[in-house]
Amino acid sequence: MAAYRPGVLVGNWKEEACLEEERLRDFIQKRERGELLIQKINRLQDNLLKKVQLSVSKDGFICFGDRVMLLSPGKEPSVQRDVEACGELTLAVNLEEVSIYSAVSLHAPCAVSAVTTVGPVGRNTFCILSVDGGSVGEPVKFGQKFGLGTTGGFSDPMLYLASDHKSFMRFAKKSYLQQVFLTDELSYLTCWQATFLDPQLRLEYEGFPVPANCKLIITHCHTNRSLAVPRNFWSRSYFGREYEVICHTYLDSHRAEEDKNYWVIVTGNPGDEGGSMLDRPEPKPGGTGKNEFREEMKNIKIPDYN
């Protein structure tokens with residue numbers, strides 16, 4: 001029978017007690033500094049999902065400095081299981097898993113995705129930026145370069161929507177097409193322009209102000225490819241299912257862009273209830289409803305600002 005050695009047992013117990021006390025002190029210090037993982041995740045989520053007030057368009061046009069959402073309009077699903085994929089999606093910040101554990105703000109490069117959240121929050125709101133000397137409040141015109149910046153709901157820094165030619169090192173993870181991402185440097189990679197939806201009328205509308213809350217094409221200036229959501233490529237993120245966003249021009253048999261390239265630049269609701277123009281309540285009988293409003297905006301008469 002083995003000899004009883006109480007000194008060993010007491011020594012082990014004292015060592016374990018010291019380790020527990022050290023862990024407790026470390027836990028308390030991290031909690032006071034806000035460095036616990038749960039605190040980081042909660043802080044990140046509070047900023048990304050913080051409600052944001054969009055800019056209200058007074059004249060019906062998009063202007064430099066406006067805070068907006070970029071919405072991919074919904075379409076009729078071909079089968080029942082495609083209902084979610086065919087709904088309205090908004091362009092949003094998509095943090096990689098490693099960033100969730102370390103970030104207290106956005107860090108470049110950062111991924112983007114299309115999400116089912118259509119309410120304006122930190123992660124899916126963007127600011128229209130001037131890249132050619134345009135003043136804040138001046139209308140953005142068809143064919144004019146502009147930038148799209150976001151802070152993701154944080155105070156800083158601002159990151160800019162960018163894209164570049166596909167290469168062996170840079171491509172979209174699911175479709176292997178041209179990647180779209182966020183960067184911290186303004187350059188020719190962060191320049192975009194709005195294109196009128198109807199190809200036959202594009203020359204006529206070139207140089208006219210871009211109307212808000214209407215379907216249009218957003219084209220990357222450097223690569224001449226259009227921003228798109230194919231909707232058949234998705235992945236699981238911290239926030240659930242999200243769809244891949246790429247730069248690729250999808251053309252039909254008439255050489256016109258398909259609905260995968262359609263976007264709506266959504267502004268704020270001028271009503272007291274706030275939100276976006278998507279939340280605009282139905283008016284009294286005889287008035288113009290939300291759907292009718294969108295149709296009327298398509299045919300709005302655009303004044304000449306030149």
Side-chain angles (χ1 to χ4, degrees), residues 62-66 68-72 89-94 106-114 124-136 138-152 157-197 199 202-203 205-210 215-230 233 243-251 255-265:
I62 297 297
C63 298
F64 291 115
D66 281 355
V68 299
M69 287 192 306
L70 272 65
L71 179 135
S72 175
L89 303 174
T90 56
L91 184 68
V93 175
N94 180 14
L106 298 184
H107 292 281
C110 185
V112 294
S113 58
N124 70 349
T125 56
F126 290 80
C127 183
I128 306 293
L129 305 174
S130 172
V131 297
D132 59 1
S135 303
V136 173
E138 180 181 330
V140 181
K141 300 175 182 178
F142 283 112
Q144 184 179 15
K145 295 180 180 179
F146 62 87
L148 291 166
T150 182
T151 62
M158 179 171 284
L159 300 185
Y160 311 101
L161 192 70
S163 187
D164 198 359
H165 287 291
K166 184 179 68 172
S167 68
F168 290 109
M169 299 296 294
R170 188 187 296 278
F171 51 83
K173 293 181 179 179
K174 296 289 184 177
S175 63
Y176 300 104
L177 296 173
Q178 186 172 311
Q179 185 184 28
V180 179
F181 56 95
L182 294 171
T183 181
D184 56 359
E185 182 180 355
L186 274 172
S187 68
Y188 62 93
L189 299 180
T190 61
C191 293
W192 304 83
Q193 63 182 12
T195 305
F196 194 73
L197 190 67
R202 283 177 187 170
L203 288 178
Y205 275 87
E206 192 80 11
F208 283 90
V210 177
K215 292 180 182 179
L216 48 77
I217 308 296
I218 298 178
T219 304
H220 188 240
C221 298
H222 175 59
T223 62
N224 199 33
R225 297 183 185 274
S226 301
L227 195 64
V229 184
F233 301 104
Y243 296 87
E244 188 173 71
V245 178
I246 59 173
C247 261
H248 186 78
T249 305
Y250 292 90
L251 299 177
R255 303 295 296 172
E257 288 84 358
E258 298 180 4
D259 52 12
K260 300 173 185 177
N261 289 121
Y262 293 177
W263 292 92
V264 176
I265 302 179

Practice problem: Evaluate whether atom CG of L251 has more than 12 neighbouring non-hydrogen atoms of other residues, nucleotides or ligands under 6.0 angstrom away. | Solution: yes
Practice problem: Evaluate whether atom NZ of K260 has more than 12 neighbouring non-hydrogen atoms of other residues, nucleotides or ligands under 6.0 angstrom away. | Solution: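 Yes, enclosed.
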Exercise. Taking T150 for its side chain and T125 for its backbone only, find out whether a donor-acceptor pair lies under 3.5 Å.
Key: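 Side chain of T150 to backbone of T125: a pair is present.
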Practice problem: Check whether any side-chain N or O of S135 sits under 3.5 Å from a backbone N or O of E138 as a donor-acceptor pair, and report yes or no. | Solution: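 Checking the backbone N and O of E138 against the side chain of S135, no donor-acceptor pair under 3.5 Å is found.
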Side-chain touch [X]/[Y], heavy atoms, less than 4.5 angstrom:
X	Y	result
R225	S163	no
L161	L182	yes
S187	Y160	no
E257	T195	no
I246	F233	no
S72	W263	yes
T183	L189	no
N224	T219	yes

Quick check: closest heavy atoms across [X] and [Y], and the distance to 0.1 Å?
X	Y	result
P209	P139	CB-CB, 4.0 Å
H222	H165	NE2-CD2, 3.7 Å
C191	H220	O-CD2, 3.5 Å
A172	Q179	N-CB, 3.8 Å
C110	V93	SG-CG1, 3.7 Å
V131	G147	CG1-N, 3.9 Å

[atom2] on [Y] to [atom1] on [X], rounded to 0.5 Å:
X	Y	atom1	atom2	value
Q193	L216	CD	CG	11.5 Å
L148	L159	CG	CG	12.5 Å
F126	T151	CZ	OG1	10.0 Å
K145	L129	NZ	CG	15.0 Å
I265	M69	CD1	CE	12.0 Å
D164	Y188	CG	OH	6.0 Å

Quiz item: Side chains of S226 and N261: is there a donor and an acceptor less than 3.5 Å apart?
Solution: no
Quiz item: For the side-chain contact (heavy atoms from CB on, under 4.5 Å) test, which of L70, L91, T90 pairs with N124?
Solution: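 Exactly one candidate clears the test, T90.
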Exercise. Dump the intermediate steps for side-chain contact (heavy atoms from CB on, under 4.5 Å) on N94 and V112, then the final yes or no.
Key: CA-CA 5 Å; N94 180 14; V112 294; 5.7 Å; no
Exercise. Apply ring pair (Phe, Tyr, Trp, His ring centres under 6.0 Å) to F171 and Y176, showing your working.
Key: CA-CA 5 Å; F171 51 83; Y176 300 104; 5.6 Å; yes
Quiz item: Does the pair I217 and L197 meet the rule for a side-chain contact (heavy atoms from CB on, under 4.5 Å), with working shown?
Solution: CA-CA 6 Å; I217 308 296; L197 190 67; 3.8 Å; yes
Quiz item: What class does the angle between the rings of F196 and Y205 fall in, given that below 30° is parallel, 30 to 60° is tilted and above 60° is perpendicular?
Solution: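 The arrangement is parallel - the two ring planes meet at less than 30°.
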